[in-house]
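Numbers here simply count residues along the sequence, with the first being 1. A quick note: this is a predicted structure, and the numbers were derived from the prediction, not measured.
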Amino acid sequence: MSRYTRLRPEVAGGIGDRTVMDATVHPPVVTHLHYEVADWLGDCLVQTFPCYLVTASMADRLLSSGLSGFSLAPVEVTASDLFEDIHPNGVLPSLRWLQVAGSAGEEDFGLDERGRLVVSDQALAVLQSESLEHCGMEEYRI
């Protein structure tokens, strides 16, 4: 039986102006994600409510992993004014949108009742193969 972990990824930015989102439902439904990076600390997994993103290299690992409960989609990534101020010659991370469709505690990637990310031990191992230094973690109990 797999164990599951609730993750609280780094918030490296936020929803950009060109995001298309239905905020009349909870959690909001996003159909086009524009992510404005404010200050990325280097983790392979970041978030902005209600979305999760992974680096391109992690996206490749996930695609070849055989894990369940997610798909990957393009995301529009831009630098915020803060990013430009902090990193005048900074390079934005190459990110992919991690669209989580699984149920928490049932698939490798799932969302709990509050829209928080829950992953299996197998998914956590793949994520930890890259940097997750700024990601909070706690055991998830079904």
Side-chain angles (χ1 to χ4, degrees), residues 2-140 142:
S2 274
R3 288 190 16 226
Y4 292 87
T5 303
R6 181 180 292 124
L7 302 180
R8 292 184 315 281
E10 169 190 353
V11 178
I15 297 286
D17 292 343
R18 292 183 294 278
T19 295
V20 177
M21 175 170 53
D22 178 359
T24 64
V25 295
H26 188 77
V29 174
V30 178
T31 54
H32 173 80
L33 179 56
H34 169 212
Y35 190 71
E36 271 195 340
V37 178
D39 189 21
W40 179 54
L41 300 176
D43 278 5
C44 66
L45 174 68
V46 296
Q47 73 172 329
T48 184
F49 183 78
C51 299
Y52 297 92
L53 300 95
V54 292
T55 58
S57 59
M58 179 51 64
D60 290 342
R61 288 177 192 242
L62 291 173
L63 285 173
S64 64
S65 70
L67 297 170
S68 64
F70 75 95
S71 61
L72 294 162
V75 57
E76 179 182 355
V77 178
T78 58
S80 70
D81 290 342
L82 177 62
F83 184 88
E84 296 289 347
D85 289 344
I86 295 172
H87 309 283
N89 298 313
V91 176
L92 290 171
S94 178
L95 298 171
R96 297 288 310 271
W97 183 5
L98 178 69
Q99 296 177 319
V100 181
S103 297
E106 295 177 18
E107 296 180 70
D108 293 304
F109 285 85
L111 298 176
D112 70 9
E113 65 284 347
R114 294 180 61 197
R116 295 175 296 187
L117 182 60
V118 175
V119 299
S120 69
D121 283 347
Q122 295 86 352
L124 183 59
V126 173
L127 292 168
Q128 287 179 321
S129 68
E130 291 190 19
S131 177
L132 269 186
E133 292 180 35
H134 305 95
C135 183
M137 299 180 200
E138 62 189 25
E139 182 179 354
Y140 175 75
I142 302 170

Nearest heavy atoms of L7 and M137, plus distance in Å: CD2-CG, 3.5 Å
Hey, are E139 and R6 close enough for a salt bridge, meaning a charged N less than 4.0 Å from a carboxylate O? no
I'd like to know if the side chain of D43 reaches the main chain of L45, judged simply by a donor and an acceptor atom lying under 3.5 Å from each other, with no hydrogens or angles considered. no
Got a second to check how far L98's CG is from S71's OG, nearest 0.5 Å? 8.0 Å
Any side-chain heavy-atom pair of V119 and D108 under 4.5 Å: no
Measure the shortest side-chain to side-chain distance between V20 and L33 over non-hydrogen atoms and say whether it is less than 4.5 angstrom. no
Min side-chain heavy-atom separation V37-V77 under 4.5 Å: yes
One should read off an interatomic distance between R116 CZ and L111 CG, to the nearest 0.5 angstrom, of 10.5 Å
Could you tell me whether a side-chain N or O of T48 sits under 3.5 Å from a main-chain N or O of C51, the two making a donor and an acceptor? no
More than 12 heavy atoms of other residues, nucleotides or ligands under 6.0 Å from CG of D22: yes or no? yes
Tell me yes or no: between the side chains of S120 and R3, is some donor less than 3.5 Å from an acceptor? no
Atom pair OH (Y140) and OH (Y4), whose distance is rounded to the nearest 0.5 Å: 10.0 Å
Minimum-distance pair of heavy atoms, taken over all atoms of H34 and T78: NE2-OG1, 2.7 Å
Rounded to the nearest 0.5 Å, the CD atom of E36 sits from the CD atom of E76 at a distance of 9.0 Å
Shortest non-hydrogen contact between W97 and V30, atoms and distance: CH2-O, 3.4 Å
Quick one: CG on D39 to CG on D85, what's the gap to the nearest 0.5 Å? 11.0 Å
Locate the shortest heavy-atom distance separating G115 from Y52; write the atom from each residue and the value. O-OH, 3.1 Å
Would you say the side-chain atoms of E138 pair up with the backbone N or O of T5, donor to acceptor, closer than 3.5 Å? no
Say you draw a straight line from CE of M58 to OG of S94; how long is it, rounded to the nearest 0.5 Å? 13.5 Å
Nearest non-hydrogen partners of P9 and Q47, listed with the distance: O-NE2, 3.0 Å
Answer whether the closest heavy-atom distance between the side chains of V126 and L67 falls below 4.5 Å. yes
Can you find a heavy atom in the side chain of F109 that is under 4.5 Å from one in the side chain of L117? yes
Under 3.5 Å, is there a donor-acceptor pair linking the side chains of S57 and E130? yes
Would T19 and H32 count as having a side-chain donor-acceptor pair, cut-off 3.5 Å? no
Check whether any side-chain heavy atom of S129 lies under 4.5 Å from a side-chain heavy atom of R61, and answer yes or no. yes
If you compare all heavy atoms of L132 against all heavy atoms of C44, which two are closest, and at what distance to 0.1 Å? CD2-SG, 4.1 Å
Taking Y35 for the side chain and A12 for the main chain, is one N or O donor matched with an acceptor at less than 3.5 Å? yes
